[in-house]
There are 2 protein chains.
Amino acid sequence: MGTTQLESVAEPKYWHLRTVLTEALDSEFAVGEILPNERDLAARFGVARATLRQALEQLELEGRLQRRRGVGTTVAPPRVGVAVGTEHHAWPGSAEDAWQPVDSVLAVPPAAVAEVLGTGPDEAVHTVRRSRTSQGQPVAAELLHIPRSSVPDLSAIDAPSGAARARAVLREVQRLELEGRENSVELGSARADDAKELDRLPGAPVLVVTTRFLSGGRVAALSVATYRADTCRLTFGASGGVEIHHGPQQRAS
Amino acid sequence: MGTTQLESVAEPKYWHLRTVLTEALDSEFAVGEILPNERDLAARFGVARATLRQALEQLELEGRLQRRRGVGTTVAPPRVGVAVGTEHHAWPGSAEDAWQPVDSVLAVPPAAVAEVLGTGPDEAVHTVRRSRTSQGQPVAAELLHIPRSSVPDLSAIDAPSGAARARAVLREVQRLELEGRENSVELGSARADDAKELDRLPGAPVLVVTTRFLSGGRVAALSVATYRADTCRLTFGASGGVEIHHGPQQRAS
DNA sequence: GAGTGGTCTAGACCACGTG
DNA sequence: ACGTGGTCTAGACCACTCA
């Protein structure tokens with residue numbers, strides 16, 4: 001024996017709580033059901049509220065719970081699958097699924113964006129704001145950066161801003177030949193403006209999808225889209241030519 | 001005046017702290033540098049340690065900081081780009097980049113996995129464990145589930161387990177014709193075993209990449225890979241036929 | 001053993017949604 | 001007005017790393 005190892009080697013309370021609650025959610029609760037409030041739950045499990053909250057936080061991160069201030073904690077539905085890089089094999093705005101243009105302005109992008117686009121550090125680019133909903137809920141907010149050189153014919157445009165201008169910019173960009181796209185996904189936290197659009201608090205976890213649109217051997221546009229990490233599962237199309245049907249979203253409980 | 005609105009409408013302290021620290025990291029700290037300890041930092045900013053920790057947690061989530069118990073908090077390097085769905089346009093184990101087979105056992109998978117594979121609820125499948133490192137650091141742990149029906153000729157195998165057996169299974173699966181793959185990405189938290197392999201604490205945020213391998217009109221294998229969310233940026237190949245060279249990973253600071 | 005981050009407590013007050 | 005989750009405090013102790 002020597003090191004007699006107890007089964008749990010001092011598992012943190014919040015982690016054990018998470019496990020217990022997960023099992024309870026699987027077996028005893030229906031989607032949408034309201035849980036007891038945090039103070040009651042904490043008392044029931046004999047822990048401080050902060051500890052209970054740590055467990056709930058985990059479960060919300062995993063998409064099992066949804067918490068809303070002033071309302072309560074409810075059991076979340078399974079994550080919704082959101083297609084990325086498939087719905088528009090072409091330029092943004094083409095077949096026009098998913099994304100809703102909000103507005104467009106001419107602005108100097110962050111340094112990181114400018115570097116990818118190859119524009120000068122003080123050079124303004126078209127910045128199209130779009131939003132995406134799924135099943136009535138907002139799931140993503142996007143900033144689409146397009147250098148002026150990508151849309152040279154966009155000079156005499158009537159709308160100074162707003163959705164009309166956004167659509168005009170998207171219309172112009174479609175005239176370019178799209179050679180390819182590159183996606184990357186990373187974890188981030190929602191900034192204040194994104195958070196508001198996604199109906200979350202600042203700092204909420206988001207999946208940041210960065211897409212480079214390639215045309216003429218260079219990056220003709222750059223999209224930075226932030227998806228709600230708690231409610232979304234991003235799906236990427238098959239890399240082969242075969243498209244597969246696999247029924248509605250399901251998840252074994 | 002009526003509702004005289006101050007500029008910050010009561011921004012939470014931890015969020016403001018996060019902003020201040022972000023700027024400090026951008027301008028005054030080098031990668032790898034050690035920050036003052038949490039108690040000192042909290043005192044310096046005039047907040048409780050818990051509040052300071054909330055800000056640090058955010059920054060760690062965003063990949064800006066790295067915290068290690070007993071050691072300290074250091075400035076993290078930029079996230080490393082990790083190719084997904086490109087390094088093996090073929091079956092796992094083919095060109096053999098990235099993934100290291102660890103072992104393989106015959107076990108009954110979780111219900112959710114069984115459902116996708118179309119196997120019975122008590123049917124055992126080959127479960128290959130693999131790990132992936134990048135720049136000397138572990139970045140991902142994978143469980144590759146392969147129904148016995150996908151590798152029918154794998155009966156008289158010598159190795160009962162271990163890396164040798166894992167390689168044998170991967171060798172067999174390559175004989176199938178790969179028709180396509182489907183990836184999905186979602187946020188999760190590391191379970192105890194994954195956490196240990198990734199050198200993180202249980203509950204650490206991870207990006208869960210689920211890949212369906214399609215052959216013969218059905219799912220011939222299912223991979224569930226968990227990537228460290230703090231250190232990884234997942235990259236997906238261009239969906240067009242064009243492959244683009246874009247130099248080594250870079251990010252504007 | 002000294003110093004670090006990780007966990008936990010028992011309170012308090014605030015912001016928000018709903019009746 | 002009330003009940004909810006969100007923020008914040010000032011402590012305590014634990015687990016880990018390293019000299």
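Since the model is a prediction, treat every value here as computed from it, not as a measurement. Numbers restart at 1 for each chain; the letters A, B, ... are given by sequence-line order, proteins then strands.
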Exercise. Would you say A:Q58's side chain and A:R18's backbone share a donor-acceptor pair under 3.5 angstrom?
Worked result: no
For this session: Establish whether the base of D:dG3 is bridged to the side chain of A:R39 by a donor-acceptor pair shorter than 3.5 Å.
Result: no
Exercise. Can you tell if the side chain of A:R132 reaches within under 4.5 Å of the side chain of A:Y227, non-hydrogen atoms only?
Worked result: yes
Problem set entry | d(CH2, B:W15; C1', C:dC14) in whole Å | 19 Å
Exercise. Between B:R53 and B:E38, is there a side-chain N and carboxylate O pair less than 4.0 Å apart?
Worked result: yes
Exercise. Want to settle it: does A:K13 or B:P36 sit nearer the 5' end of DNA chain C, counting the closest nucleotide to each?
Worked result: B:P36
Exercise. Atom CD of A:Q54 and atom C1' of D:dT7: how far apart are they, to the nearest Å?
Worked result: 15 Å
Problem set entry | A:E57 CD - C:dC8 C1' separation (whole Å) | 15 Å
Problem set entry | Of A:A50 and A:V71, the one whose closest DNA chain C nucleotide lies more 5' | A:A50
For this session: Check the distance between C:dG3's C1' and B:E38's CD and give it to me in whole angstrom.
Result: 12 Å
Exercise. In terms of side-chain heavy atoms of A:R67, which of D:dT7, D:dG6, D:dT9 is nearest?
Worked result: D:dG6
Seminar exercise, completed: Closest heavy-atom pair, B:D199 versus B:P138, reported as atoms and distance to 0.1 Å, is CB-CG, 4.5 Å
Exercise. How many Å lie between CD on B:E11 and C1' on C:dA15, as a whole number?
Worked result: 15 Å
Exercise. Quick one: is B:Y14 getting a side-chain N or O under 4.0 Å of the D:dC8 phosphate, OP1 or OP2?
Worked result: no
Problem set entry | Distance, rounded to the nearest Å, where A:L65 contributes CG and D:dG6 contributes P | 11 Å
Problem set entry | Of the listed nucleotides C:dC8, C:dG6, D:dT7, the one nearest the side chain of A:P12 | C:dC8
For this session: For B:R228 and B:L198, indicate whether the former's side chain and the latter's backbone hold a donor-acceptor pair under 3.5 Å.
Result: yes
For this session: Select base, sugar-phosphate, or nothing to describe what B:L201 touches, counting heavy atoms under 4.0 Å on all strands.
Result: sugar-phosphate
Exercise. Please give, in whole Å, the distance from D:dA10 P to B:L52 CG?
Worked result: 13 Å
Exercise. Once you round it to whole Å, what is the distance between C1' of D:dG5 and CZ of A:R200?
Worked result: 11 Å
Exercise. Taking atom types as they are modelled, is there a donor-acceptor pair under 3.5 Å from the base of D:dG6 to the side chain of A:R49?
Worked result: yes
For this session: With the side chain of A:V47 defined as its heavy atoms from C-beta on, choose the nearest nucleotide among C:dT7, D:dG6, C:dT9.
Result: C:dT9
Problem set entry | Distance below 4.0 Å between A:R68 side-chain N/O and C:dG17 OP1 or OP2 | no
Exercise. According to a strict under-4.0 Å criterion, is B:R53 in side-chain N/O contact with OP1 or OP2 of C:dG5?
Worked result: no
For this session: May I ask you to verify if any side-chain N or O of B:N37 is less than 4.0 angstrom from the OP1 or OP2 atom of C:dT4?
Result: yes
Exercise. Reckon A:T51 has a side-chain N or O less than 4.0 Å from the OP1 or OP2 of C:dT7?
Worked result: no
For this session: Without swapping roles, check the side chain of A:R165 against the backbone of A:D103 for a donor-acceptor pair under 3.5 Å.
Result: no
Seminar exercise, completed: Against the side chain of A:R69, the closest entry in D:dT4, C:dT4, C:dT9 is D:dT4
